[in-house]
K.L.:
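To start, I am sharing the structure in question, which I have written as structure tokens.
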Amino acid sequence: MIPGGWHGGWSFDPIKDRLIKTGHDFLALTLPGLEHPSLPHKKVINLDTHIRYVVDQLVEQDFSQVILCAHSYGGLVITGVADQIPEKIHSLVYIDAYIPENGDSCWKLTSEVYRDLFIEGVAHDGYTVAVPPGTEKRRVPHPVATFMQALHLTGRYKQIRNRVFVYASGWAATPFKKQYEALKNNPEWHLETIHCGHNVMREAPENLTAILEKTADL
């Protein structure tokens with residue numbers, strides 16, 4: 001489980017126990033620079049940093065047949081991971097997440113609303129994007145370079161045949177509607193729609209768990 005912007009592995013807590021009870025191993029990662037409280041880093045953290053971190057975790061722990069899930073920004077991370085170690089991946093699940101191609105970045109794929117948020121948010125220190133307004137107190141500033149860096153793909157990620165996009169249709173500011181429209185008639189994708197806000201894990205944990213269970217049987 002790979003979280004979206006400003007979040008840590010804790011964002012998947014609402015579905016953790018549900019999946020463990022069904023007999024699945026469960027690992028939710030907090031990406032570098034997003035620890036709580038956020039730890040100082042001497043080096044710039046970019047998208048490559050996040051991809052390498054996840055790859056290292058999967059290789060070091062010798063995981064295989066992984067259902068690699070991502071929320072929001074994390075879609076870029078799991079695509080990069082699958083491009084490097086496709087032999088370890090069973091499925092890719094994009095939970096209201098960006099689905100990139102070679103050369104894409106979060107900045108390129110997102111909406112003007114979020115680009116403005118990135119610009120305004122990075123003004124506080126020039127390094128991280130400040131936490132946007134909201135109720136979740138555990139969020140931390142997000143390394144801006146991860147939003148800006150383009151993804152460099154070889155195409156090996158296309159070996160993963162089980163690809164799922166979970167579209168949250170219940171929030172007006174979604175940047176994913178165009179992505180949904182582009183994929184809904186694509187036979188290479190499994191599309192699921194949940195009428196809820198962007199935080200699918202918190203708002204629709206039962207629905208999401210059912211989708212992940214179904215994905216395991218693909």
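Nothing here was measured: the structure is a model prediction, and the numbers come from that model.
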K.L.:
Among L19, L208, I95, I2, which residue meets the side chain to side chain contact (heavy atoms under 4.5 Å, CB included) test with F12?
P.N.:
I95
K.L.:
Start with the C-alpha gap between Y180 and S169, add the side-chain angles, then the distance that decides, and say whether side chain to side chain contact (heavy atoms under 4.5 Å, CB included) holds.
P.N.:
CA-CA 10 Å; Y180 167 77; S169 62; over 6 Å; no
K.L.:
Identify the heavy atoms of L29 and P3 that sit nearest to each other, and give their distance.
P.N.:
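Heavy atoms only, the tightest pair is O-CD, 3.0 Å.
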K.L.:
Yes or no on side chain to side chain contact (heavy atoms under 4.5 Å, CB included) for V77 and L47, after CA distance, side-chain angles and deciding distance?
P.N.:
CA-CA 7 Å; V77 178; L47 180 57; 4.0 Å; yes
K.L.:
Between A82 and I89, which heavy-atom pair has the shortest distance, and what is it?
P.N.:
CA-CG1, 4.3 Å
K.L.:
Does the pair R115/E112 count as a salt bridge with the N-to-O cut at 4.0 Å?
P.N.:
yes
K.L.:
Check step by step if side-chain hydrogen bond (donor to acceptor under 3.5 Å, both in side chains) holds for T79 and Y94.
P.N.:
CA-CA 10 Å; T79 305; Y94 296 80; 2.7 Å; yes
K.L.:
For T110 and W107, indicate whether the former's side chain and the latter's backbone hold a donor-acceptor pair under 3.5 Å.
P.N.:
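Side chain of T110 to backbone of W107, a donor-acceptor pair under 3.5 Å: no, none is there.
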K.L.:
Report yes or no: does N46 contribute a side-chain atom to a donor-acceptor pair with the main-chain N or O of A145 at less than 3.5 Å?
P.N.:
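Flag not set: sc N46 to bb A145 has no pair under 3.5 Å.
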K.L.:
Salt-bridge test for R52 and D56: reply yes if a basic N is under 4.0 Å from a carboxylate O, no otherwise.
P.N.:
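Yes, charged N to carboxylate O under 4.0 Å.
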K.L.:
Could I get the full list of side-chain hydrogen bond (donor to acceptor under 3.5 Å, both in side chains) partners for K177, not counting sequence neighbours?
P.N.:
none
K.L.:
Ignoring hydrogens and geometry, is there a side-chain-to-backbone donor-acceptor pair from E206 to R18 under 3.5 Å?
P.N.:
no
K.L.:
Quick one: pull up CZ in F176 and CG in D96 and give me the separation to the nearest 0.5 Å.
P.N.:
5.0 Å
K.L.:
What pair of heavy atoms forms the shortest contact from A97 to A70, and how long is it?
P.N.:
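That would be CB-O, 3.6 Å.
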K.L.:
Pairs in or reaching into residues 64-78: which pass salt bridge (Lys or Arg N to Asp or Glu O under 4.0 Å), with residues at least two apart or in two chains?
P.N.:
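Salt bridge (Lys or Arg N to Asp or Glu O under 4.0 Å) check on residues 64-78 returns no pairs.
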K.L.:
Quick one: pull up CD in E136 and CH2 in W10 and give me the separation to the nearest 0.5 Å.
P.N.:
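Between E136 CD and W10 CH2, I get 4.0 Å after rounding to 0.5 Å.
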K.L.:
Are there more than 12 heavy atoms of other residues, nucleotides or ligands under 6.0 Å from atom CG of D116?
P.N.:
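Yes, the 6.0 Å shell around CG holds more than 12 heavy atoms from other groups.
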K.L.:
Applying salt bridge (charged side-chain N to carboxylate O under 4.0 Å, His left out), can you list everything that pairs with R139, at least two apart in sequence or on another chain?
P.N.:
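Here no residue qualifies.
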K.L.:
Between I160 and L68, is a side chain to side chain contact (heavy atoms under 4.5 Å, CB included) present by the stated rule, with each step listed?
P.N.:
CA-CA 11 Å; I160 314 303; L68 196 54; over 6 Å; no
K.L.:
Atom NE2 in H7, atom CG in N199: separation rounded to 0.5 Å?
P.N.:
5.5 Å
K.L.:
Restricting to non-hydrogen atoms, name the atom on G4 and the atom on S72 that form the minimum distance, rounded to 0.1 Å.
P.N.:
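For G4 and S72, the tightest heavy-atom pair comes out as CA-CB, 4.1 Å.
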K.L.:
Please determine if D13 and R202 form a salt bridge, counting it only when a charged side-chain N lies under 4.0 Å from a carboxylate O.
P.N.:
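Salt bridge flag = no for R202 with D13.
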K.L.:
Has the side chain of T209 got a donor or acceptor atom that lies under 3.5 Å from a matching backbone atom of P205?
P.N.:
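Present.
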K.L.:
Of the options Q179, K178, K184, which is the one that meets E181 in a side chain to side chain contact (heavy atoms under 4.5 Å, CB included)?
P.N.:
K184
K.L.:
Look at the side chain of Q149 and the backbone N and O of D48, then say whether any donor-acceptor pair between them is shorter than 3.5 Å.
P.N.:
yes
K.L.:
How would you list, by chain and number, every residue that makes a side-chain hydrogen bond (donor to acceptor under 3.5 Å, both in side chains) with T22, sequence neighbours excluded?
P.N.:
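Only E213 meet the side-chain hydrogen bond (donor to acceptor under 3.5 Å, both in side chains) criterion with T22.
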K.L.:
Among residues two or more places apart or on two chains, list those pairs meeting ring pair (Phe, Tyr, Trp, His ring centres under 6.0 Å) that have a residue in residues 45-76.
P.N.:
H50-Y73, H71-H198, Y73-H142, Y73-F147
K.L.:
Taking all atoms of both residues into account, what is the closest heavy-atom pair of G75 and P100, and its distance?
P.N.:
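Closest approach of G75 to P100: O-CD, 3.8 Å.
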K.L.:
In sequence, state the C-alpha distance, the side-chain angles, and the governing distance for H24 and L212, and then conclude on side chain to side chain contact (heavy atoms under 4.5 Å, CB included).
P.N.:
CA-CA 10 Å; H24 295 286; L212 295 178; over 6 Å; no
K.L.:
Roughly how far, to the nearest 0.5 Å, is the CZ atom of F26 from the CG atom of D17?
P.N.:
8.5 Å
K.L.:
Sort and list the pairs that fulfil salt bridge (Lys or Arg N to Asp or Glu O under 4.0 Å) and have at least one residue in residues 143-161, not counting sequence neighbours.
P.N.:
E87-R156
K.L.:
Please say whether more than 12 non-hydrogen atoms of neighbouring residues, nucleotides or ligands are located less than 6.0 Å from CD in Q159.
P.N.:
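For Q159, atom CD is crowded (more than 12 foreign heavy atoms under 6.0 Å).
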K.L.:
Check the hydrophobic clustering (I, L, V, M, F, W, Y; side-chain heavy atoms under 4.5 Å; chains of links allowed) and say if I67 and L191 are grouped together.
P.N.:
no
K.L.:
Could you report the tightest heavy-atom contact between T154 and D83, atom names first, then the distance?
P.N.:
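Residues T154 and D83, closest heavy atoms: N-OD2, 2.7 Å.
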K.L.:
Might you confirm whether atom NZ of K88 has over 12 heavy atoms from other residues, nucleotides or ligands at distances under 6.0 Å?
P.N.:
yes
K.L.:
Atom CZ of R163 and atom OH of Y157: how far apart are they, to the nearest 0.5 Å?
P.N.:
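It is 7.5 Å, given to the nearest 0.5 Å.
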